[in-house]
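Keep in mind that this is a model prediction, so the values were computed, not measured.
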Amino acid sequence: MTNTVNKIALVTGGSRGLGKDMALQLAKKGFDVVITYQSKSELAQEVVTNIEALGQKAKAIKLDVSDATTFDSFANTLSTTLQNEFHSQTLAALVNNAGVGIHASFAETSIAQFDSMVNIHLKGAFFLTQKMLPLLQDGASVVNISSGLARFSYNGYAAYAVMKAAIESLSRYQALELGARKIRVNTVAPGAIATDFGGGAVRDNQDLNNLIASSTALGRVGQPDDIGSVVAFLCSDDSKWINAQRIEVAGGVHI
């Protein structure tokens, strides 16, 4: 891989779960990292400390991805941070990771729940990337996080999965329209991961854990460090000819 000076990645939702591991794996790849958090500032600062221990620079900035009206202000804060803390004006990579899940049947999903999923997962990734365009250097990489649930279906995830299917389409359109700037856009679709996501169901519900493991060719559910290294690869020059692709990182579930 060819390293460049001040290779900086932005990871939304980087204080915990998959985002935390993505940030750490990016640091191991030689990236300086800016993470966003919504409320858990102490956890975010721990991630910053861990990245610094790996020899890279890191900062955490508060961001509510569900409120697109704040993105201009965030972009200004980020620009100032890049200049003052990283002595740079641009990002080399953007990872749209932040999100939460809901579990509700199609019949019982409320308009408020659906709108929440739209705001967080779809409007968030759509408009935040739009606002980041002036800060993304030519040749940058964007990684949008989807879900295996956009390909296979489990009861209770209709609203969440619909948003992730839309993200996969968005990635292709972004790749098409940003290609003139040599910006690559790819989708990573994790399978079921043992984190606190969705109340920690995959991690803590042994029956669900066993069910998913039994449907997976490699015989287990995913762990956070199964995902971060793939995201870091897609942000790096190692993947310079991969574009507009959906990569499912799920151990071969429901093949």
Side-chain angles (χ1 to χ4, degrees), residues 1-14 18-19 21-23 25-36 65 71 75 78 82 88-99 121-152 161-191 222 226-252 255:
M1 186 182 77
T2 302
N3 286 329
T4 57
V5 176
N6 289 112
K7 206 168 51 164
I8 307 165
L10 171 64
V11 180
T12 64
L18 296 184
D21 190 70
M22 293 170 192
Q25 295 294 337
L26 282 161
K28 291 177 182 178
K29 271 280 194 184
F31 284 84
D32 295 331
V33 186
V34 178
I35 63 169
T36 75
V65 295
F71 292 172
L78 176 61
L82 290 175
S88 178
Q89 296 182 337
T90 58
L91 295 167
L94 166 63
V95 182
N96 286 305
N97 164 73
H121 292 285
L122 187 50
K123 283 180 69 176
F126 190 108
F127 288 104
L128 184 64
T129 306
Q130 185 187 82
K131 296 300 183 183
M132 292 298 102
L133 289 179
L135 296 177
L136 285 170
Q137 63 194 39
D138 289 355
S141 174
V142 176
V143 179
N144 293 321
I145 304 303
S146 178
S147 169
L149 291 165
R151 177 178 67 84
F152 50 81
V162 164
M163 304 310 150
K164 292 307 191 181
I167 282 294
E168 296 184 4
S169 180
L170 174 63
S171 293
R172 292 191 293 272
Y173 275 89
Q174 289 174 329
L176 176 67
E177 296 195 19
L178 301 180
R181 291 183 55 194
K182 303 298 185 282
I183 293 174
R184 299 180 296 111
V185 186
N186 292 290
T187 302
V188 168
D226 293 323
I227 308 300
S229 57
V230 179
V231 171
F233 163 72
L234 289 173
C235 289
S236 76
D237 292 341
D238 291 343
S239 61
K240 63 183 181 295
W241 201 234
I242 298 177
N243 194 23
Q245 299 303 302
R246 176 194 190 271
I247 300 179
E248 187 169 303
V249 189
I255 295 174

Open item on the list: Please find the pair of heavy atoms, one from Gly13 and one from Asn97, that lie closest to each other, and give the distance.
Closed with: O-ND2, 3.1 Å
Open item on the list: Just verifying a value: how many Å separate Asp237 CG and Lys7 NZ, rounded to the nearest 0.5 Å?
Closed with: 6.0 Å
Open item on the list: Check whether Ser236 reaches the backbone of Phe233 with its side chain - one donor and one acceptor, N or O, closer than 3.5 Å.
Closed with: yes
Open item on the list: Looking at Gln89, I'd like to know if its CD atom is crowded, meaning that more than 12 non-hydrogen atoms belonging to other residues, nucleotides or ligands lie closer than 6.0 Å.
Closed with: no
Task: Closest approach of Leu26 to Ala232 (non-hydrogen atoms, all atoms of both residues) - done: CD2-CA, 3.8 Å
Task: Set of residues satisfying side chain to side chain contact (heavy atoms under 4.5 Å, CB included) with respect to Leu133, sequence neighbours excluded - done: Leu136, Leu178, Arg181
Task: Spacing of CG belonging to Leu122 relative to CE belonging to Met163, to within rounding of 0.5 Å - done: 6.5 Å
- [ ] Hey, could you give me the OG/CD distance between Ser147 and Glu248, rounded to the nearest 0.5 Å?
- [x] 8.0 Å
Task: Ser239: side chain to side chain donor-acceptor pair (under 3.5 Å) partners, not counting sequence neighbours - done: Arg184
Task: Neighbour count >12 (heavy atoms, 6.0 Å) for atom OH, Tyr173 - done: no
- [ ] Test Cys235 against every option in Val11, Val95, Leu94 by the side chain to side chain contact (heavy atoms under 4.5 Å, CB included) rule and name the one that passes.
- [x] Val95
Open item on the list: Please enumerate all residues that pass side chain to side chain contact (heavy atoms under 4.5 Å, CB included) together with Val249, with sequence neighbours excluded.
Closed with: Val188, Ile227, Val230, Ile247
Task: Heavy-atom pair with the smallest gap, counting every atom of Ala98 and Thr12 - done: N-OG1, 2.9 Å
- [ ] Check side chain to side chain donor-acceptor pair (under 3.5 Å) between Asn96 and all other residues, then give those that pass, not counting sequence neighbours.
- [x] Thr129, Asn144
Task: Evaluation steps, side-chain contact (heavy atoms from CB on, under 4.5 Å), between Ile145 and Met22 - done: CA-CA 11 Å; Ile145 304 303; Met22 293 170 192; 3.8 Å; yes
Task: Listed partners of Ala23 passing side chain to side chain contact (heavy atoms under 4.5 Å, CB included), at least two apart - done: Val33, Ile35, Val47, Ile51
Open item on the list: Which residues pass the side chain to side chain contact (heavy atoms under 4.5 Å, CB included) test with Lys28, not counting sequence neighbours?
Closed with: Gln25, Leu54
Open item on the list: Going by salt bridge (Lys or Arg N to Asp or Glu O under 4.0 Å), name the residues that satisfy it together with Lys123, two or more places apart in sequence or in a different chain.
Closed with: none
Open item on the list: Suppose we screen for side chain to side chain donor-acceptor pair (under 3.5 Å). Which residues come up paired with Asp226, at least two apart in sequence or across chains?
Closed with: Arg220
Open item on the list: Looking at every heavy atom in both Ser146 and Pro190, which two are closest together, and how far apart are they?
Closed with: O-CD, 3.3 Å
- [ ] Name all residues meeting the side chain to side chain donor-acceptor pair (under 3.5 Å) criterion together with Ser229; count only those two or more places apart in sequence or in a different chain, and write none if there are none.
- [x] none
TODO: Give the minimum heavy-atom separation between Ser171 and Thr187, together with the two atoms involved.
DONE: OG-OG1, 2.7 Å
Open item on the list: Going by salt bridge (charged side-chain N to carboxylate O under 4.0 Å, His left out), name the pairs with one or both residues in residues 163-177, residues two or more places apart or in two chains.
Closed with: Glu168-Arg246
Open item on the list: For the CG atom of Leu78 and the CE atom of Met132, what is their distance to the nearest 0.5 Å?
Closed with: 5.5 Å
Task: Partners passing ring-ring contact (aromatic ring centres under 6.0 Å, His included) against Phe127 (at least two apart in sequence or in another chain) - done: none
TODO: Measure the CD-CZ distance between Gln174 and Phe126 for me, rounded to the nearest 0.5 Å.
DONE: 7.5 Å
Open item on the list: Which heavy atom of Phe31 sits nearest to which heavy atom of Ala92, and what is that distance?
Closed with: CE2-CB, 4.2 Å
Open item on the list: Using the rule side chain to side chain contact (heavy atoms under 4.5 Å, CB included), only one of Leu91, Leu82, Ile8 pairs with Asp32; which is it?
Closed with: Ile8
